[in-house]
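All ligand and atom numbering here is 1-based and tracks the order in the structure.
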Amino acid sequence: MQVFPVSKKLFIKTYGCQMNVYDTQRMSDTLKPLGYETTADQDEADLIILNTCHIREKAAEKVYSELGRLKALKAPREDGSPGAMIGVAGCVAQAEGEEIIKRQPMVDLVFGPQTYHRLPELIRELEQDRLAKEGAPKNKKAKKLRLVDTDFPVEQKFDELVPETHPEGPAAFLTVQEGCDKFCSFCVVPYTRGAEFSRPVGQLIDEAKRLIDKGVCEITLLGQNVNAYRGETAFGKTMGLGELINEMADLPGLERLRFTTSHPNDMTDDLYEAFRDQPKLMPYFHLPVQSGSDKILAAMNRKHTRQSYLEIIHRLREMRPDLAISGDFIVGFPGETDQDFADTLNIVTQVSYAAAYSFKYSPRPGTPAVNIDDQVPEDVKSTRLAMLQELLNAQQEAFNASTVGRRMSVLMERQGRKEGQLVGRSPYMQSVHVEGPARLVGQIVDIDVTEGK
Ligand code: SAH
Ligand code: SF4
Ligand code: F3S
């Protein structure tokens, strides 16, 4: 009978948003007590997990091509050890469940984002199943165990995950809110991540303290709608995101705070005030608008208008004059005319973004927008995306150029590729390259910016 090695290797490949990055770290923390050490080399892994994203068609399809490539690693190894076990986690797992195993029977395990705390139990079952098979007579084919766990909304996840052993580096993510109740008509997130849920304040403060003890000085608070955060305090009250930011800022050793992603309809006074009063909150705000046309915003079920978005930006800039804004945009939503698209270009000009993400609309199964008749042809989407990106890139370059000659505090995050080079982040999320000694990694240093692009 084959005995599994005490030390086993784990490889997790992460797709999609920062919440998946956070989840990947938590999964590897959870598997450590079972003997799994992370490796950067997938060829030597005993367990490979793809932590997937379902947001656009391309993202979801990547998973299947990656699974095709992984097939070779399933074969028993030369040293007699069995090949890798393969799991699919994340939003594709939640959306497609068993379908994944039907399309790729070599997958051993499919589990959704709310079930990561159950991972050790699922992996143990798989390991035992393999051992049983090793012992079975050769002519008797043991039934292969396939595990699918996408049970929805058990929100015990955060209560039951083991304490984190990460981070890597001085900047860390911390998920404070999950899920989405907004149901924008193009978006899969409400179906893959479930209803909005806020973690209690005490639990978050404890997690932040542990991160700080390990050398973290910058924390980015994460949520699909992070500004919808309404967390319970120990006194049975609820706290908004601005108040949570102030609580965290009081923790000794924590120097910088950020948060992402926000929704225009969840802006609260405490958040505006945090931008005005809390120096540890960085002057950078990601607020997606998606489109500049009220007709398209209504069809997207965004429930805000072009004007209400512009008013938010105006008020924020009054509170924090040096605030940099970033955004998300979708071009080619069904029914988008040349005029609607011109309205998008126009809102971009009005706001002036320091950075942005822009995408062609991708029809997602199960979302209402796929049923709208008036789909925009692919070539029109491509032309519009190129035009929008040209404008956004010019704005980003102009923003970067405007910081040349300024002195900025930069958190040194890691050594650069070149000898003697360090890479850090400015308050505005710009990546900053400087010459300097390695001992500065983890420190916040004042830098005179000499060049920007
Ligand atoms: N909760 C965040 C966004 C999460 S998804 C928010 O409301 O802004 C990140 C971005 O992906 C979205 O802002 C949107 O621009 C883009 N996106 C989502 N669904 C998409 C789709 N079907 N096609 C193209 N882009 C999409
Ligand atoms: Fe998707 Fe809209 Fe929810 Fe953002 S707010 S996650 S775009 S449904
Ligand atoms: Fe993708 Fe899921 Fe994040 S669909 S963007 S990984 S919430």
Side-chain angles (χ1 to χ4, degrees), residues 12-24 50-63 88-96 112-114 116 150 173 175 177-197 222-229 259-267 285-292 296-297 299-304 309 312 325-334 336 344 353 355-372 375-376 378 381-382 384-385 388-389 392:
I12 309 184
K13 184 158 183 168
T14 312
Y15 302 82
C17 62
Q18 291 105 325
M19 307 205 48
N20 264 12
V21 175
Y22 175 84
D23 284 345
T24 288
L50 303 184
N51 191 8
T52 62
C53 172
H54 203 239
I55 201 85
R56 283 168 290 274
E57 194 183 350
K58 261 196 197 142
E61 279 306 315
K62 266 189 210 158
V63 176
V88 179
C91 291
V92 178
Q94 186 62 45
E96 300 197 352
Q114 322 305 343
Y116 296 157
T150 50
F173 291 139
T175 294
Q177 182 275 344
E178 271 218 48
C180 177
D181 299 340
K182 304 286 188 291
F183 291 92
C184 299
S185 62
F186 53 81
C187 185
V188 293
V189 171
Y191 312 97
T192 63
R193 293 276 177 168
E196 286 178 5
F197 165 82
L222 298 179
Q224 264 93 24
N225 283 292
V226 70
N227 61 335
Y229 180 80
F259 62 92
T260 199
T261 292
S262 300
H263 191 285
N265 291 355
D266 290 318
M267 294 302 298
F285 189 39
H286 183 66
L287 191 64
V289 65
Q290 315 299 357
S291 168
I296 296 297
L297 287 173
M300 285 177 164
N301 194 31
R302 290 287 294 181
K303 300 201 183 93
H304 61 78
Y309 180 86
I312 294 168
I325 306 288
S326 74
D328 289 349
F329 299 87
I330 295 177
V331 299
F333 185 81
E336 187 187 71
T344 297
Y353 289 89
Y357 299 93
S358 48
F359 313 96
K360 285 192 255 186
Y361 166 69
S362 169
R364 306 305 293 128
T367 60
V370 274
N371 300 321
I372 307 178
Q375 298 287 328
V376 174
E378 201 52 34
K381 285 188 202 171
S382 300
R384 287 180 186 166
L385 185 66
L388 175 62
Q389 289 187 338
L392 290 167

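Cation-pi check for Arg56 over Phe359 is met; the charged atom lies under 6.0 angstrom from the ring centroid and within 45 degrees of its normal.
Residues meeting the ring pair (Phe, Tyr, Trp, His ring centres under 6.0 Å) test with Tyr116, sequence neighbours left out: Phe111. Qualifying side chain to side chain donor-acceptor pair (under 3.5 Å) partners for Ser262, counting only residues two or more places apart in sequence or in other chains: none.
Counting only N and O atoms by type, the side chains of Thr260 and His286 include no donor and acceptor under 3.5 Å apart. Asn51 and Thr24 form a side-chain donor-acceptor contact under 3.5 Å, judged by distance and modelled atom types alone. Side-chain polar atoms of Ser362 and Lys58 form no donor-acceptor pair below 3.5 angstrom.
Residues Arg364 and Ala60 approach most closely at NH2-CB, 3.6 Å, considering heavy atoms. The two residues His54 and Val92 come nearest to each other via the heavy atoms CD2-CG2, 3.8 Å.
For Asn225 (side chain) and Asn265 (main-chain N/O), no donor-acceptor pair under 3.5 Å exists by modelled atom type.
Within the 4.0 Å heavy-atom shell around ligand 3 one finds Gln224.
Less than 4.0 angstrom separates some heavy atom of Cys53 from each of these atoms of ligand 3: 1 (Fe), 4 (S), 5 (S), 6 (S).
Contacts of ligand 2 (protein heavy-atom distance under 4.0 Å) are Cys180, Lys182, Phe183, Cys184, Phe186, Cys187, Val189, Pro190, Asn225, His263, Arg302. Sorted by chain then number, the residues whose non-hydrogen atoms approach ligand 1 to under 4.0 Å are Ile55, Arg56, Phe186, Gln224, Thr261, Pro288, Gln290, Arg302, Asp328, Ile330, Phe359, Lys360, Tyr361, Ser362, Arg364.
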